[in-house]
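Input: a single structure, listed below in structure tokens.
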Amino acid sequence: MKKYYILIPLAFSIFTLAQVGINTDEPTKTLDINGELRVRTLPSGDIIDEILVSDTNGNVRKVSRNSFGTGGAGTDGSFNSTILGYEPQPIANKVVPATAPGGATVTELGCKQYPTNGHYYCAYELSAGITWFNAYDFGKSLGGYLVTLTNTAETDWVYSEILTGYNLTNNIWIGYNKIAEPGNANRFRWITGEEFKINWSTNPSTAEHRFVAGEPNNSNGNEGSTHIIGAGGSCNRGWNDSNGTLTSASATCTPAVANRPLNKLIIEFNN
């Protein structure tokens with residue numbers, strides 16, 4: 001028996017921006033399919049691959065497989081956008097505003113990708129200090145978030161490539177803040193729901209953090225935000241808790257780190 005193949009032409013259009021539409025004359029993406037998609041053969045992926053998802057408009061995006069680790073509960077220490085409060089966007093979507101929340105002008109110093117997790121870290125210099133809460137909103141407006149540093153390897157890389165690489169010598173807010181949960185006293189938590197990596201080989205076992213000795217200490221009962229201490233003194237760029245409504249901070253070292261503006265930021269992007 002002979003087999004006959006019928007070719008059914010698809011309605012498509014190609015515009016000067018190289019946008020191709022299938023069953024649509026007005027494509028809005030490089031490839032815009034008005035209908036179902038079928039792929040007959042897919043290669044096997046790696047365990048570090050990300051997952052493709054689509055929004056309510058059918059736009060396909062990639063997200064970290066870790067975000068599905070607990071069905072949104074985030075109890076395994078992985079990234080959780082529900083805790084963050086919004087869905088981060090790819091760095092390619094980033095639009096840097098002229099001013100940050102609070103009115104300070106913004107200068108982007110540069111961005112680098114950490115090979116281990118594939119995340120991008122962008123450094124910013126502001127014309128004036130910024131509160132922790134405005135810094136959080138600034139990261140959200142870019143599609144990223146205030147940097148989270150959950151293990152020694154990542155922290156070492158950020159310190160070398162971002163702090164030193166872009167000469168960020170002043171105080172820097174990071175995404176570790178107090179939160180009030182029903183039935184629980186205020187406690188610090190990474191804004192992405194992640195947990196510290198634990199070094200079980202030490203006795204006692206310790207989380208891989210950079211808080212200086214005696215911190216966080218909630219001085220005056222109102223310190224609920226965390227910053228990297230400015231350069232100088234014996235603090236050695238350690239971490240300190242401070243009042244999140246402040247735009248400058250000092251730290252007790254020998255010698256002490258004088259009061260300095262919180263005018264440097266590091267914004268992290270998942271991809």
Side-chain angles (χ1 to χ4, degrees), residues 83-86 96-109 121-142 144-150 155 158-159 162-164 166-181 184-192 194 196 209-268:
I83 293 174
L84 179 61
Y86 58 92
V96 180
T99 59
T105 58
V106 177
T107 300
E108 183 177 84
L109 302 177
Y121 300 76
C122 297
Y124 297 89
E125 181 174 359
L126 308 181
S127 62
I130 189 171
T131 69
W132 187 93
F133 306 99
N134 282 340
Y136 168 89
D137 287 339
F138 176 71
K140 180 178 180 180
S141 71
L142 293 176
Y145 49 90
L146 281 177
V147 65
T148 61
L149 303 169
T150 59
T155 305
V158 169
Y159 273 47
I162 308 300
L163 265 68
T164 300
Y166 295 113
N167 195 31
L168 306 183
T169 57
N170 277 352
N171 297 306
I172 304 169
W173 288 124
I174 62 176
Y176 195 58
N177 204 55
K178 278 185 178 177
I179 181 173
E181 296 179 335
N184 295 300
N186 286 356
R187 68 182 181 95
F188 277 102
R189 190 171 191 179
W190 291 110
I191 60 174
T192 53
E194 298 166 281
F196 284 109
H209 67 87
R210 295 291 173 90
F211 277 105
V212 297
E215 302 292 347
N217 64 358
N218 194 28
S219 178
N220 298 319
N222 59 7
E223 295 187 333
S225 302
T226 305
H227 67 93
I228 299 173
I229 300 169
S234 61
C235 286
N236 196 29
R237 305 311 306 271
W239 303 349
N240 176 53
D241 63 333
S242 188
N243 187 328
T245 64
L246 299 178
T247 58
S248 63
S250 59
T252 303
C253 302
T254 307
V257 175
N259 197 50
R260 294 183 183 177
L262 287 147
N263 67 335
K264 312 287 186 178
L265 291 175
I266 301 172
I267 304 302
E268 185 173 349

Revision key, fill the gap. Sorted by chain and residue number, the side-chain hydrogen bond (donor to acceptor under 3.5 Å, both in side chains) partners of Thr252 (sequence neighbours excluded) come out as none
Practice item. Over all heavy atoms of both residues, which pair between Glu194 and Thr150 is shortest? Give the atoms and the distance, please. Key: CB-CG2, 3.9 Å
Exercise for review: Output the distance between atom CD (Glu215) and atom OG1 (Thr226), rounded to the nearest 0.5 Å.
Suggested key: 9.5 Å
Practice item. Identify the two heavy atoms, one from Trp239 and one from Leu149, that lie closest to each other, and give their separation to 0.1 Å. Key: CH2-O, 3.4 Å
**Study point:** Reported CD1-to-OG1 distance for the pair Ile162 and Thr155, which is rounded to 0.5 angstrom
**Key:** 12.5 Å
Point to revise | Between Asn243 and Thr245: side-chain donor-acceptor atoms closer than 3.5 Å | key: yes
**Study point:** Leu109 side chain reached by Leu168 side chain, heavy atoms, under 4.5 Å
**Key:** yes
Check your understanding: Are any of the side-chain heavy atoms of Leu146 and Trp132 separated by less than 4.5 Å?
Key -> yes
Point to revise | Minimum side-chain heavy-atom gap Arg189-Ile83 below 4.5 Å | key: yes
Practice item. Find the distance between CD1 (Ile228) and CD1 (Ile266) and round it off to the nearest 0.5 Å. Key: 5.0 Å
Check your understanding: Are side-chain heavy atoms of Ile229 and Arg237 found at a separation under 4.5 Å?
Key -> no
Exercise for review: Enter the distance from Trp173:CH2 to His227:NE2 here, rounded to the nearest 0.5 Å.
Suggested key: 6.0 Å
Practice item. Output the distance between atom CG (Asp241) and atom NZ (Lys178), rounded to the nearest 0.5 Å. Key: 6.5 Å
Revision key, fill the gap. Note: Asp137 and Pro101 closest approach over all heavy atoms is CB-CG, 4.0 Å
**Study point:** Closest approach of Val147 to Trp190 (non-hydrogen atoms, all atoms of both residues)
**Key:** O-CZ3, 4.2 Å
Donor-acceptor contacts, no H, no angles, side chain residues 124-131, under 3.5 Å, sequence neighbours left out:
{"from": "Tyr124", "atom 1": "OH", "to": "Glu108", "atom 2": "OE2", "distance (Å)": "2.7"}
{"from": "Glu125", "atom 1": "OE2", "to": "Lys264", "atom 2": "NZ", "distance (Å)": "3.2"}
{"from": "Ser127", "atom 1": "OG", "to": "Thr105", "atom 2": "N", "distance (Å)": "2.9"}
{"from": "Ser127", "atom 1": "OG", "to": "Thr105", "atom 2": "OG1", "distance (Å)": "3.1"}
{"from": "Thr131", "atom 1": "OG1", "to": "Asn134", "atom 2": "N", "distance (Å)": "3.1"}

Point to revise | Distance in Å, Ser219 OG paired with Asn240 CG, rounded so as to fall on 0.5 Å steps | key: 9.0 Å
**Study point:** Residue pair Cys235 / Val212: nearest heavy atoms and the distance that separates them
**Key:** O-CG1, 3.7 Å
Review point. Of all heavy-atom pairs between Ala123 and Tyr166, which one has the smallest distance, and what is that distance?
Key: CB-CD1, 3.6 Å
Review point. Taking only residues two or more places apart in sequence, or in another chain, which ones meet Phe188 in a ring-ring contact (aromatic ring centres under 6.0 Å, His included)?
Key: Tyr176
**Study point:** Step-by-step side-chain contact (heavy atoms from CB on, under 4.5 Å) determination, Tyr136 to Asn177
**Key:** CA-CA 10 Å; Tyr136 168 89; Asn177 204 55; over 6 Å; no
